[in-house]
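Reading through the structure tokens given below for one structure.
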Amino acid sequence: QVNLVESGGGSVQAGGSRRLSCTASGGSISFYAVGWFRQVPGKERELVGSISRLDSSTYYPYAVKGRFTISRDNSKNTIYLQMNSLKPEDTAVYFCAARRPYSDAAYYTEERLYDYWGPGTQVTVSS
């Protein structure tokens, strides 16, 4: 079972950038497709991007496409979420999640498809 921990959260002004890291332990992240989600109080968790296991292909929903970029460094057992042109509505707790090993679809968009979750990291964007 892989354990995930997010880092890099904090406060940033609108228009700024932030890079989040998701570091895995207990297993190689190369075996897993990974997604980044975010959640604000009173709302459901929403996907902000996913990266595949095999060829690192990525998927982004419309709300963040062109602003957010996911990448992976398997040698560091880490997945990154680079967030640019941040907006106040990007304020949320951000989570990384991994699907069970050797899942080979290009992307997974639904929360229920992920099996392992980190505790989350808060990102606050001020106007």
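Remember, predicted model here, so these are calculated numbers, not experimental data.
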Do [X] side-chain atoms and [Y] backbone N/O form a donor-acceptor pair below 3.5 Å?
| X | Y | result |
| --- | --- | --- |
| E6 | C96 | yes |
| S52 | S57 | yes |
| D115 | R100 | yes |
| R18 | G8 | yes |

Go through it in stages, so that I can follow the logic: the residues are I79 and Y32, the test is side-chain contact (heavy atoms from CB on, under 4.5 Å), and I'd like the CA-CA distance, side-chain angles, deciding distance and then a yes or no. CA-CA 11 Å; I79 306 291; Y32 300 85; over 6 Å; no
Assert yes or no for the condition that the ring centre distance of F37 to W117 is strictly below 6.0 Å. yes
Any idea which heavy atoms bring [X] and [Y] closest together, and the distance?
| X | Y | value |
| --- | --- | --- |
| A92 | Q39 | CB-O, 3.5 Å |
| Y114 | V34 | CE2-C, 3.9 Å |
| V125 | T91 | N-OG1, 2.8 Å |
| G27 | N77 | O-ND2, 2.9 Å |
| G9 | L20 | N-CD2, 3.6 Å |
| A33 | S103 | CB-O, 4.3 Å |

Compute whether any side-chain donor of one residue and acceptor of the other, for T78 and S21, lie under 3.5 angstrom apart. no
[X] [atom1] to [Y] [atom2] distance, which is reported to the nearest 0.5 Å:
| X | Y | atom1 | atom2 | result |
| --- | --- | --- | --- | --- |
| I51 | T69 | CD1 | OG1 | 10.0 Å |
| S75 | I29 | OG | CD1 | 12.5 Å |
| T58 | K65 | OG1 | NZ | 8.5 Å |
| Q82 | F68 | CD | CZ | 9.5 Å |
| S50 | L113 | OG | CG | 10.5 Å |
| Y94 | Q122 | OH | CD | 9.0 Å |

Please determine whether residues [X] and [Y] belong to a single hydrophobic cluster, defined as Ile, Leu, Val, Met, Phe, Trp and Tyr linked transitively by side-chain heavy-atom distances below 4.5 Å.
| X | Y | result |
| --- | --- | --- |
| F95 | L4 | no |
| Y59 | I70 | no |
| W36 | L86 | yes |

As a test of understanding, state which of V93, L81, V64 forms a side-chain contact (heavy atoms from CB on, under 4.5 Å) with R38. V64
Using a strict threshold of under 4.0 Å (side-chain N to carboxylate O), is an ion pair present between R67 and D90? yes
What do you reckon, is OH of Y107 surrounded by more than 12 foreign heavy atoms closer than 6.0 Å? no
